Amino acid sequence: MVSHDNHILNVTAINISYHKTSQECIRTCLNFTNCWSINLKEQPNNEIYECHILDTDRFRNASNYVSSSIGNSHFSLDHDCEWEETCINPNKKCIPNYSNGSYECVCEPIGKYDIHCIS
């Protein structure tokens, strides 16, 4: 998973659990077929993490991807959409298909660009 420190995806979790390490939270995600990302919140005593399993990601809910306080992190599944050069055009949105590892570039205006949003 790819860590995005000091950010969260502000959506409702499908599961909340508590763990001693971030890796335990990531393993918990693997138990859910619809876990596409995680919010991890370090608790004040720094000895436990609140793990939010999410059934969506920052690509589908960009407006809910927000800066957060230190100790909070958003984790996304590693995917081509994580890298800026996947869909080149600035008016693009990369939508991952986690089932088969592919992605779709949604471009504006629709129909004017090829698969990678290049004119």
Side-chain angles (χ1 to χ4, degrees):
M1 295 192 101
V2 178
S3 175
H4 305 281
D5 295 336
N6 305 322
H7 284 82
I8 62 166
L9 187 60
N10 193 16
V11 297
T12 302
I14 59 172
N15 181 272
I16 298 174
S17 55
Y18 296 88
H19 304 281
K20 291 184 178 184
T21 68
S22 59
Q23 292 303 314
E24 288 176 10
C25 179
I26 291 170
R27 281 194 294 274
T28 299
C29 176
L30 299 175
N31 294 329
F32 291 84
T33 57
N34 57 341
C35 177
W36 304 127
S37 64
I38 297 169
N39 285 335
L40 191 66
K41 299 181 178 186
E42 192 173 325
Q43 296 302 298
N45 62 11
N46 293 335
E47 295 179 13
I48 197 162
Y49 294 91
E50 185 176 310
C51 175
H52 292 227
I53 303 296
L54 309 177
D55 62 355
T56 190
D57 58 36
R58 67 189 188 96
F59 306 105
R60 289 172 178 84
N61 288 283
S63 63
N64 292 326
Y65 180 67
V66 296
S67 295
S68 185
S69 60
I70 294 173
N72 293 335
S73 297
H74 179 71
F75 287 80
S76 300
L77 295 177
D78 194 6
H79 194 278
D80 285 345
C81 287
E82 285 293 334
W83 316 116
E84 286 296 319
E85 55 278 344
T86 302
C87 299
I88 307 285
N89 187 285
N91 298 317
K92 53 79 175 137
K93 181 176 176 181
C94 187
I95 303 295
N97 181 333
Y98 297 112
S99 299
N100 64 16
S102 67
Y103 60 88
E104 178 184 14
C105 294
V106 178
C107 315
E108 295 294 333
I110 293 176
K112 189 173 180 182
Y113 303 93
D114 69 9
I115 191 169
H116 297 288
C117 292
I118 303 171
S119 13

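All values below come from the heavy atoms of this structure, side chains included, with hydrogens, waters and symmetry mates left out. Treat the numbers as computed from the prediction; the structure is a model and nothing was measured.
The closest donor-acceptor contact from the side chain of H74 to the backbone of I38 lies under 3.5 Å. Using a distance-only test at 3.5 Å, with no hydrogens or angles considered, no donor-acceptor pair links the side chain of S76 to the main chain of S37.
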So S67 and H7, side chain to side chain contact (heavy atoms under 4.5 Å, CB included) or not? Walk me through it. CA-CA 4 Å; S67 295; H7 284 82; 3.7 Å; yes
For side chain to side chain contact (heavy atoms under 4.5 Å, CB included), just list the numbers for C81 and F59, CA-CA rounded to whole Å, side-chain angles, deciding distance to a tenth of an Å, and then say yes or no. CA-CA 8 Å; C81 287; F59 306 105; 3.7 Å; yes
Take H4 and R58 through the test side chain to side chain contact (heavy atoms under 4.5 Å, CB included) and record every step on the way to the result. CA-CA 11 Å; H4 305 281; R58 67 189 188 96; 3.4 Å; yes
Could you walk me through whether N97 and E104 pass the side chain to side chain contact (heavy atoms under 4.5 Å, CB included) test, one step at a time? CA-CA 8 Å; N97 181 333; E104 178 184 14; over 6 Å; no
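Judged as a ring-ring contact (aromatic ring centres under 6.0 Å, His included), and not counting sequence neighbours, H52 has no contacts. Remark: Y98 pairs with W36, H79 by the ring-ring contact (aromatic ring centres under 6.0 Å, His included) rule, at least two apart or across chains.
Interatomic distance, SG of C35 versus CD1 of I26, reported as 9.5 Å (0.5 Å rounding). The distance from the OH atom of Y103 to the CD atom of E82 is 13.5 Å, given to the nearest 0.5 Å. To the nearest 0.5 angstrom, I48 atom CD1 is 14.5 Å from K41 atom NZ. One finds the CG atom of L54 at 11.0 Å from the CZ atom of F32 (value rounded to the nearest 0.5 Å).
Scanning all heavy atoms of the two residues, the minimum distance from T56 to L9 falls at CG2-CD2, 3.8 Å.
Cysteines C105 and C94: SG-SG separation is not under 2.5 Å.
More than 12 non-hydrogen atoms from other residues, nucleotides or ligands lie less than 6.0 angstrom from CG of L30.
Under the 4.5 Å side-chain contact rule for hydrophobic residues, F75 and I53 share a cluster.
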